[in-house]
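Structure record follows, encoded as structure tokens.
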Amino acid sequence: MTGEPLIEVRKASYVYHPGQPDAVEALRGIDLEVRRGEFLAVVGANGSGKSTLARLLNGLILPTRGEVRVAGHSTADPEARWEIRRLVGLVFQNPDNQLVAPTVEEDVAFGPENLGLPREEIRRRVRAALEAVGLWERRADPPHRLSGGQKQRVALAGMLAMEPACLVLDEATAMLDPAGRAEVLDTVGRLHRENGISVVLITHFLEEAAKARRVAVMDRGRIVATGAPRELFGRPAWLERLGLVPPPMGQLAARLRRRGWCLPPGIITVDDFLAALGLSPAAAQERL
Ligand code: ADP
Ligand code: MG
């Protein structure tokens, strides 16, 4: 699935309030590539630079040093600005700050209308986007009637209507309850699998990041490790030093190992745990 580079971040640094006494070096020499069709997770403690990186990826901010390219265009090229914003859609943490129109349908139409597309094409895209997130039936509802998870799915539909190559979710599930979180993650997973959209999932929930093929770990403005979730998340002491909470199933496995249980490395999810015990989720269900 993974192909050529879609987003290339080269030696990018970002300073807030440069040259001022309150200057903050939020990113320090980031090198990162997001390939077409890739599902990448970015994890890191609060303040490690994740949101700053998210905003660099679609050119909302420009690196103080270094370069970001999207589909070959530098984000510093003013002529490519709108194409880059279309290609890389950002979904933020707070579902209430992202929806602007009186109905779900009008909200999703907002982006394509700004592209100046013909009315028929706008209608087609809005329908396809709302069907893709499972909210076509709710198209006439005012957004405030929706749950947090549904609002984030409308925000996703708004991005989809732009026919993006990549979705960047900046802690987009952090304010949701567990059901809403699962709803949004399932939708994103499906869009990735079925439409081949690249995903950059920024989160501090390591169980969520475990769904990605590759994870980048941030610490104080740097990427300190990249690798498969199973390689990185089986190191609880290291994760804790970085201010991250190891996945609960990994912690449980570590405690059981200390008590002499013989369990394989790389246990992160409930399914891993069951598999280590020789149980499938279905078999476990049957025993209940
Ligand atoms: P994260 O999303 O991982 O919590 P951020 O990218 O939001 O990290 O922040 C990285 C660093 O930049 C932090 O030290 C934060 O305080 C600082 N920072 C973020 N936004 C601003 C801003 N608008 N002005 C000044 N400093 C900021
Ligand atoms: Mg953030």
Side-chain angles (χ1 to χ4, degrees), residues 7-34 39-68 70 75-76 84-85 88-98 148-149 151-152 155-156 159 166-177 180-181 184-185 188 198-212 214-227 229 232-233 238-247:
I7 306 177
E8 298 156 281
V9 182
R10 299 277 175 247
K11 297 190 169 41
S13 297
Y14 189 83
V15 181
Y16 288 100
H17 316 300
Q20 312 278 322
D22 59 348
V24 179
E25 198 176 5
L27 297 176
R28 307 160 193 252
I30 298 280
D31 280 298
L32 183 70
E33 220 172 73
V34 182
F39 194 132
L40 171 77
V42 176
V43 301
N46 250 340
S48 59
K50 303 181 299 298
S51 294
T52 307
L53 176 62
R55 292 197 290 268
L56 277 191
L57 296 181
N58 82 339
L60 273 183
I61 56 175
L62 299 176
T64 313
R65 285 191 305 280
E67 186 183 43
V68 178
V70 175
T75 57
I84 288 170
R85 301 259 171 100
V88 182
L90 233 57
V91 180
F92 297 99
Q93 182 167 9
N94 190 338
D96 291 317
N97 292 348
Q98 300 185 76
K151 284 178 194 162
Q152 289 299 56
L156 281 171
M159 301 295 150
C166 183
L167 294 171
V168 178
L169 288 92
D170 185 7
E171 309 248 20
T173 64
M175 295 178 75
L176 306 180
D177 60 17
R181 217 182 284 163
V184 170
L185 287 175
V188 169
S198 308
V199 174
V200 179
L201 181 73
I202 298 173
T203 179
H204 61 259
F205 296 112
L206 300 193
E207 304 92 282
E208 285 186 1
K211 293 184 195 306
R214 193 162 70 100
V215 182
V217 182
M218 293 191 68
D219 181 37
R220 287 167 288 176
R222 293 199 167 86
I223 291 177
V224 292
T226 55
L232 300 175
F233 296 170
W238 175 71
L239 292 171
E240 275 167 22
R241 273 203 304 281
L242 296 173
L244 292 166
V245 180

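Only this structure's heavy atoms are used, side chains among them; waters, hydrogens and symmetry mates stay out. Start at 1 and go down the list; that is how both ligands and their atoms are numbered.
When non-hydrogen atoms are compared, ligand 1 lies under 4.0 Å from neither the backbone nor the side chain of Met218.
Residues Met218 and Val43 form no side-chain contact, since every pair of their non-hydrogen atoms from C-beta on lies 4.5 Å or further apart. Leu239 has its side chain out of reach of Val217: every pair of non-hydrogen atoms, C-beta onward, lies at least 4.5 Å apart.
For ligand 1, the atoms closer than 4.0 angstrom to any heavy atom of Asn46 are 4 (O). Which parts of ligand 1 touch Val24 is read off a 4.0 Å heavy-atom cut-off, strictly below it: atoms 12 (O), 14 (O), 17 (C), 26 (N). Residue Ser51 has at least one heavy-atom neighbour below 4.0 Å for each of these atoms of ligand 1: 1 (P), 2 (O), 6 (O), 7 (O). Near Ala45, meaning under 4.0 Å from any of its heavy atoms, are these atoms of ligand 1: 3 (O). Every atom of ligand 1 with a heavy atom of Ala26 under 4.0 Å away is listed here by number and element: 10 (C), 11 (C), 12 (O).
Across Ala45 and Leu242, no two heavy atoms sit closer than the pair CB-O, 3.3 Å. Counting all heavy atoms, side chain and backbone alike, Leu90 lies closest to Gln98 at O-OE1, 4.3 Å.
Some N or O of Gly47 is nearer than 3.5 Å to an N or O of ligand 1, by distance alone. For ligand 1, the polar-atom distance check against Gly49 finds a nitrogen or oxygen pair separated by under 3.5 Å. The shortest N/O to N/O separation between Thr52 and ligand 1 falls below 3.5 Å.
Arg10 has a carboxylate O that lies under 4.0 Å from a charged side-chain N of Glu33, or vice versa, which qualifies the two as a salt bridge. Lys50 has no carboxylate O lying under 4.0 Å from a charged side-chain N of Asp170, or vice versa, which leaves the two without a salt bridge.
Under a 4.0 angstrom heavy-atom cut-off, Ala54 registers as lying outside contact with ligand 1. At least one heavy atom of His17 sits less than 4.0 Å from an atom of ligand 1. In this structure, Ser48 counts as a contact residue of ligand 1, since one of its heavy atoms falls inside 4.0 Å of the ligand.
Within a 6.0 Å sphere centred on CZ of Arg55, heavy atoms belonging to other residues, nucleotides or ligands number more than 12. Residue Asn46 places its CG atom among 12 or fewer non-hydrogen atoms of other residues, nucleotides or ligands, all under 6.0 Å distant.
When hydrogens are left out, the protein atom nearest atom 19 (C) of ligand 1 is Tyr16 CE1, 3.5 Å; that is the closest non-hydrogen contact.
Checking atom 4 (O) of ligand 1 against the protein gives a heavy-atom contact under 4.0 Å. Using a 4.0 Å threshold on non-hydrogen atoms, atom 21 (C) of ligand 1 counts as touching the protein.
Thr64 contributes a side-chain N or O that, together with a main-chain N or O of Val15, makes up a donor-acceptor pair within less than 3.5 Å. Here the side chain of Gln152 pairs a donor or acceptor atom with the backbone of Phe92 at under 3.5 angstrom.
Contact annotation: Ser51 places an N, O or S atom under 2.8 Å from the Mg ion (ligand 2).
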